[in-house]
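The structure appears below as structure tokens.
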Amino acid sequence: MKVSVLENEYRHNKKFSIYVDKYCKGRNITVKEALTHELVRQVYLSYTEV
């Protein structure tokens with residue numbers, strides 16, 4: 001999965017962006033770095049499942 005897809009989801013999905021922001025704050029990392037983490041990718045999949 002490309003980071004650009006996750007970046008787009010981060011911009012447009014409020015629930016996902018809130019999760020990523022908390023994840024970043026807790027680990028003191030950037031959003032770009034967080035979007036490369038496997039846990040964030042798994043959360044992305046759970047938020048986008050239909």
Side-chain angles (χ1 to χ4, degrees):
M1 179 179 324
K2 292 187 176 188
V3 172
S4 60
V5 173
L6 294 169
E7 288 173 343
N8 188 52
E9 191 70 19
Y10 176 78
R11 282 192 293 270
H12 299 288
N13 183 330
K14 186 163 179 75
K15 282 181 155 183
F16 183 63
S17 65
I18 290 169
Y19 172 80
V20 173
D21 290 343
K22 286 180 183 178
Y23 185 88
C24 291
K25 186 177 180 183
R27 288 160 180 77
N28 199 27
I29 60 175
T30 65
V31 169
K32 191 137 186 124
E33 184 179 351
L35 295 178
T36 65
H37 291 197
E38 185 61 30
L39 181 59
V40 173
R41 290 172 183 240
Q42 293 300 319
V43 171
Y44 159 77
L45 292 174
S46 72
Y47 281 137
T48 57
E49 286 180 352
V50 177

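In this chain, residues are counted from 1 in sequence order.
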Sequence neighbours excluded and cut-off under 3.5 Å, please list the side-chain donor-acceptor pairs for residues 24-35, or say none.
unit_1	atom_1	unit_2	atom_2	d
Thr30	OG1	Glu33	N	3.1
Lys32	NZ	Glu7	OE2	2.8

Going by atom type alone, with no hydrogens or angles, which donor-acceptor pairs under 3.5 Å involve a side-chain atom of residues 15-22 and a protein atom two or more places apart or on another chain?
unit_1	atom_1	unit_2	atom_2	d
Ser17	OG	Asn13	O	3.4
Ser17	OG	Lys14	O	2.9
Asp21	OD1	Tyr10	OH	2.4

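Annotation for Val3 and Arg41: closest pair CG2-NH2, 4.0 Å, computed over non-hydrogen atoms.
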